[in-house]
Amino acid sequence: MNIEVPKFISENEITDYLPHRGKMLLLSRITNYDMEKRIITGEYDITKECIFYEKEGDGIPSWVSFELMAQTVCALTGIAHKLFGRKILPGMILSVTGFKTATEWLKAGTTVRMTMTEDYCDEESALYNFTGELYVVGEDEKPAVTAKISAIEIESLEKLKEIRGRYLE
């Protein structure tokens, strides 16, 4: 059961591809993806209504960008599941490594662009590794944040315990 998924996914449609809702939805749109290369680009419009907004910096702390990147990853796996007629699963961040930031704050009123590339996938355990870059749209051509994110999709806590047991034996 293969279906078509547009390369541009608007804010109104984005919840069809990931489980995040309300204030925890930190993606405004998907601007492009390539399933063969396993790469996705998403954007987030930072506002004062963001759950992570802090008045002190008039924006969100740059450390929050790992969650923006993780939701972009979640959208890619969600798109893959939709394309192949599978159930979209929730995921969990396992680790964030190599996190580097060139700024302390991502300011309200700006848009950030996240590009995530899959480096590794173990389909049996649904374990993924991604390399990501976050850019402030309209600013430097260098990334404001870079990181590597490991994540896992889970059907249930029981399935997670089973997978965990396999790797700890």
Side-chain angles (χ1 to χ4, degrees), residues 5-34 38-82 87-119 126-154 156-157 160:
V5 175
K7 294 291 184 178
F8 181 90
I9 301 170
S10 71
E11 187 170 17
N12 295 334
E13 303 165 315
I14 206 155
T15 54
D16 292 343
Y17 303 95
L18 66 162
H20 303 78
R21 300 287 184 271
K23 287 193 171 239
M24 271 313 295
L25 178 60
L26 301 175
L27 268 178
S28 298
R29 69 198 71 70
I30 298 301
T31 57
N32 199 8
Y33 65 89
D34 184 323
R38 301 295 292 173
I39 188 168
I40 187 167
T41 301
E43 293 182 345
Y44 182 60
D45 303 321
I46 299 172
T47 68
K48 292 180 179 183
E49 288 74 41
C50 176
I51 193 169
F52 294 105
Y53 175 82
E54 292 185 22
K55 189 176 181 179
E56 150 194 352
D58 187 31
I60 61 175
S62 63
W63 64 262
V64 173
S65 57
F66 80 84
E67 179 62 28
L68 303 175
M69 292 173 160
Q71 287 192 26
T72 306
V73 165
C74 189
L76 182 64
T77 59
I79 290 166
H81 289 314
K82 274 274 199 211
K87 178 182 172 188
I88 294 175
L89 300 171
M92 289 181 14
I93 298 170
L94 296 176
S95 69
V96 178
T97 59
F99 185 88
K100 294 180 183 162
T101 182
T103 185
E104 189 174 345
W105 297 95
L106 301 171
K107 298 293 187 174
T110 62
T111 297
V112 292
R113 178 179 302 123
M114 294 74 61
T115 299
M116 304 300 295
T117 304
E118 183 182 287
D119 299 320
L127 175 67
Y128 301 89
N129 291 333
F130 282 85
T131 299
E133 298 177 329
L134 179 143
Y135 299 85
V136 177
V137 174
E139 290 189 8
D140 290 339
E141 290 186 26
K142 292 182 180 180
V145 178
T146 58
K148 292 185 177 291
I149 295 178
S150 294
I152 192 168
E153 289 180 302
I154 57 169
S156 65
L157 288 176
L160 180 61

Scanning both residues in full, the closest heavy-atom pair of Gly59 with Tyr53 reads N-CE1, 3.3 Å
Quick check: does any side chain N or O of Asp119 sit under 3.5 Å from a backbone N or O of Thr131, one acting as donor and the other as acceptor?
yes
Would you say NZ of Lys48 has more than 12 non-hydrogen atoms from neighbouring residues, nucleotides or ligands within 6.0 angstrom?
no
Point-to-point distance, once rounded to the nearest 0.5 Å, from CZ of Phe130 to CD1 of Ile93
12.0 Å
Do Lys82 and Ile88 have side-chain heavy atoms sitting under 4.5 Å apart?
yes
Determine, step by step, whether Ile14 and Asp16 satisfy the side chain to side chain contact (heavy atoms under 4.5 Å, CB included) criterion, reporting the C-alpha distance in whole Å, the side-chain angles of both residues, the deciding distance to 0.1 Å, and the verdict.
CA-CA 5 Å; Ile14 206 155; Asp16 292 343; over 6 Å; no
Exactly one of Glu153, Arg38, Glu118 should register a side-chain hydrogen bond (donor to acceptor under 3.5 Å, both in side chains) with Tyr128. Which one does?
Glu153
Walk me through whether Met116 and Ile149 qualify under side chain to side chain contact (heavy atoms under 4.5 Å, CB included).
CA-CA 9 Å; Met116 304 300 295; Ile149 295 178; 4.2 Å; yes
Report the C-alpha separation of Ile79 and Ile9 in whole Å, then their side-chain angles, then the decisive distance to 0.1 Å, and conclude whether the side chain to side chain contact (heavy atoms under 4.5 Å, CB included) test is met.
CA-CA 10 Å; Ile79 290 166; Ile9 301 170; 3.7 Å; yes
Roughly how far, to the nearest 0.5 Å, is CG of Asn32 from OG1 of Thr41?
6.0 Å
Nearest heavy-atom contact between Leu68 and Tyr44 is CD2-CD2, 3.8 Å
So which heavy atom on Phe99 is nearest to which on Ser62, and how close?
CZ-O, 3.6 Å
Can you name the closest pair of heavy atoms from Cys50 and Leu26 and give their distance?
SG-CD2, 4.0 Å
What are the two closest non-hydrogen atoms of Asp45 and Ser28, and how far apart are they?
N-OG, 2.9 Å
Within the side chain of Lys23, is there an N or O that forms a donor-acceptor pair under 3.5 Å with the backbone of Glu49?
yes
Could you measure the distance from the OG1 atom of Thr111 to the CG atom of Leu106? Nearest 0.5 Å is fine.
11.0 Å
Over-ring placement of Lys7 relative to Tyr33, 6.0 Å and 45° cut-offs
yes
Here the pair of heavy atoms bringing Thr15 nearest to Arg21 is O-NH2, 3.1 Å
Between NE2 of His81 and SG of Cys74, what distance do you get to the nearest 0.5 Å?
8.5 Å
State whether the side chain of Ser150 and the backbone N or O of Ser95 hold a donor-acceptor pair below 3.5 Å, judged by distance alone.
no
Does Glu11 come within less than 4.0 Å of Arg29, counting only side-chain N to carboxylate O?
no
Please test Thr77 against Tyr17 for side chain to side chain contact (heavy atoms under 4.5 Å, CB included), starting from the C-alpha separation and ending with a verdict.
CA-CA 8 Å; Thr77 59; Tyr17 303 95; over 6 Å; no
Test item: side-chain donor near acceptor, Glu141 and Tyr135, under 3.5 Å:
no
Nearest-0.5 Å distance, OG1 of residue Thr101 to CG of residue Leu134
8.0 Å
Which value, rounded to the nearest 0.5 Å, describes the distance between Leu25 atom CG and Leu18 atom CG?
6.0 Å
Side chain to side chain contact (heavy atoms under 4.5 Å, CB included) with Val145: of Lys100, Met69, Glu133, only one passes, and it is Met69
